[in-house]
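Just below is one structure, and these are the notes that go with it.
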Amino acid sequence: MRYELTVGLRYTRARRRNRFIGINSLVSIIGICIGVWALIVVLSVMNGFQQEVRTRILGVASHVQISGINNRLPDWQEVMRAASQHAHVVAAAPYVQAQAMLAAGQAVRGALIRGILPEEEERVANFARYMKLGKLTDLQPGGFGIILGSDLARALAVLPGDKVVLVAPQGLVTPAGVIPRLKQFTVVGIFEAGIIDADAGLALVHMRDAQTLYQLGSDATGVRLKLDDIFLARQVSAELLADLPRDVFAVDWTRTHANFFRAVEIEKHVMFVILTLIILVAAINIISTLVVAVKDKQADIAILRTLGASPASVLQIFVVQGLLIGLVGTLIGVVAGIVTALNIDVIVPAIENAFHIKFLSKDVYMIPELPSDLQSGDVVAVALMGLGLSLIATIYPSWSASRVNPAEALRYE
C-alpha cells in the first residue's frame, strides 16, 4: 500500500487533538448519503410514474396510427395487410373515428366516437383490462351498442342498458334546412383507463355502426398498429410511409402525446438538478473539512516534506481523505436508495398505516399507488456524480496542502 493512501486513511479518523475533523467528516458522509439516497428514490418513482402513465395511455391509444386524406381510407384492408408484414408490427386493427354529441335526458356531452372491430381491437389495445361493466365483445354489428368512459357515463348519468342519443355533426340537407343526424344507442359497457382524455371523452361503437352513421360505406378512418417495441414507433412509422401509398399518413405515439411525455422528462431533469444540490452542499462541507485538516496537520505536512515527500504526494494524501468521505457516503446512499426503490410498495403503505395519512388519494390521482422503476443507468449516474463532486471538492484544500512551506510550518513547533 502506498504511504499516501495509508496517511490519507489515517487522517480521516478523528484524533484526540481535533475531534472537529472527525465530526465534520461524519456530517459530510451523512449529507452525501442522504442526497444520493433521495436522488435514486425520486428518479425511480418518476420512472415508475412515466412507465405507468405510458402503459395506460397506450392501453387505449395506438403505437402507430395510419390514416388517409380527410380521415377516409378506402383501401384499409390492403394497408393493414402491408403494415402487418413489417417485422416489428405484431397486430393491426381498422377503426373509424369522428366527433359527436351524446345526450341522455337533460345531460349533453361532446365525445370522440371510435368505431372498432372488437376481436381485432383486443389485439392492439388493452380495453379488456379496463372494462368495469360489460365487455368489448358486447358490441355487435347492427346492434348499435356503445361503451362509454367512466367519467363520460357519470356525466350522462347512464348505466348499461340505458339509452343515449348520438348526434352526428354531419346533418341531412332537406328542403326545410339541415337536420341533425340522430341515432339512439344502447349502453352495453363502461371502461375506466385512468386517463382523463379517454374516460371523459371516448365512446366505442362497432365499426359497421360507425360506418353507417357517418355514411362511410366500407371505408375506414385508418389502421391502428401495435409494435413489439414501443420505442421503435417513430422508426417504424417512417419505414411504413416509404412503402405505403402517398396519400397515407402515419403518426406514432411519441407525436400524439409529445407534450405530455416531454413535460414528464423535463420534470425529471429538474428534480435531478434540485436534488443534486443536496450532494453539492455535502461536497462543500468536504472542502471545510479538508481546510481544517490542512491547518491542523501543517506540522505533519512539513515533516513529510523534510523526509522527502513531494508536493504531489502531499496533494494525494488529502485527495484520498476527501474521496474516502465521498466514497463511503455514496456507497451507503446507493445501497439505501436501491433497497428503498425496490421495496417502496411496502414502505409507503407502512408509513400511511402508521401515521394514518394517504399520499395519493384515488379521488384525486389516477395512479393511487407509488410506482417504482429502478434503472441501473440512473444508479450509475448518481453514484458517479457523488464521487465526482467529492473529487472536485478535494482539489483546492489538497493543492493548498501541497504548497505548505516546511520552514514556516515548523517555526513555532
How far does CD1 of I32 sit from CE of M385, to the nearest 0.5 angstrom?
10.0 Å

Indicate yes or no: at least one non-hydrogen side-chain atom of D228 is less than 4.5 angstrom from one of H88.
yes

Contact check, side chains of F185 and L102, non-hydrogen atoms, under 4.5 Å:
no

Passes side chain to side chain contact (heavy atoms under 4.5 Å, CB included), L327 versus L387? Steps please.
CA-CA 6 Å; L327 180 62; L387 293 176; 3.9 Å; yes

Atom CZ of R129 and atom CZ of F191: how far apart are they, to the nearest 0.5 Å?
14.0 Å

Out of curiosity, I116 CD1 to Q97 CD, how far, rounded to the nearest 0.5 Å?
11.5 Å

Apply the test side chain to side chain contact (heavy atoms under 4.5 Å, CB included) to residues S398 and V319: give CA-CA distance (whole Å), side-chain angles for both, the deciding distance (0.1 Å), then the verdict.
CA-CA 6 Å; S398 302; V319 168; 3.4 Å; yes

Heavy-atom side-chain contact between I40 and D378 under 4.5 Å:
no

Atom pair CG/OG of L342 and S44 - distance to nearest 0.5 Å:
7.5 Å

With heavy-atom distances below 4.5 Å as the criterion, would you say the side chains of P94 and L117 are in contact?
yes

Minimal non-hydrogen separation, A203 against L152, with atom names:
CB-CD2, 4.4 Å

Please check if the side chain of S237 supplies one atom and the backbone of R234 the other of a donor-acceptor pair under 3.5 Å.
yes

For S67 versus Y95, what's the shortest heavy-atom pair and its separation?
CB-OH, 4.0 Å

Hey, does the side chain of D199 reach the backbone of A193 with a donor-acceptor pair shorter than 3.5 angstrom?
yes

Correct closest heavy-atom pair for L227 and A233 would be CD1-CA, 3.5 Å

L216 backbone acceptor or donor facing R72 side chain under 3.5 Å
yes

Within the 4.5 Å heavy-atom criterion, are L159 and V187 side-chain neighbours or not?
no

So how far is it from L139 CG to E119 CD, rounded to the nearest 0.5 Å?
9.5 Å

Under 4.0 Å between a side-chain nitrogen and a carboxylate oxygen: does that hold for R224 and E121?
yes

Verify, without hydrogens or angle tests, whether R181 (side chain) and L213 (backbone) share a donor-acceptor contact under 3.5 angstrom.
yes

Could you go through the side chain to side chain contact (heavy atoms under 4.5 Å, CB included) check for I147 and F127 one step at a time?
CA-CA 11 Å; I147 296 177; F127 275 107; over 6 Å; no

All heavy atoms of I344 vs all of S372, minimum pair found to be CG2-CB, 3.4 Å

Does any N or O in the side chain of D219 come within less than 3.5 Å of the main-chain N or O of L73, such that one atom is a donor and the other an acceptor?
no

Check whether W76 reaches the backbone of S218 with its side chain - one donor and one acceptor, N or O, closer than 3.5 Å.
yes

As a quick check of understanding, evaluate side chain to side chain contact (heavy atoms under 4.5 Å, CB included) for T276 and L39, giving each step before the final call.
CA-CA 7 Å; T276 299; L39 195 50; 4.1 Å; yes

What's the spacing between I66 CD1 and T221 OG1 if we round to 0.5 Å?
13.5 Å

Side-chain contact, heavy-atom cut-off 4.5 Å: V205 with F144?
no

Answer yes or no: is there a side-chain heavy-atom contact under 4.5 Å between L374 and V379?
yes

Does R114 have more than 12 heavy atoms from other residues, nucleotides or ligands lying within 6.0 Å of its CZ?
yes

Which heavy atom in A250 sits nearest to a heavy atom in L241, and how many Å separate them?
N-CD2, 3.6 Å

In short, D209 meets P141 closest at the heavy-atom pair OD1-C, 3.9 Å

I'd like to know if the side chain of Q140 and the backbone of T137 have a donor-acceptor N/O pair within less than 3.5 Å.
yes

With heavy-atom distances below 4.5 Å as the criterion, would you say the side chains of V236 and D252 are in contact?
no

Is it the case that the side chain of T394 and the backbone of L391 share a donor-acceptor pair, with hydrogens and angles ignored and the cut-off at 3.5 Å?
yes

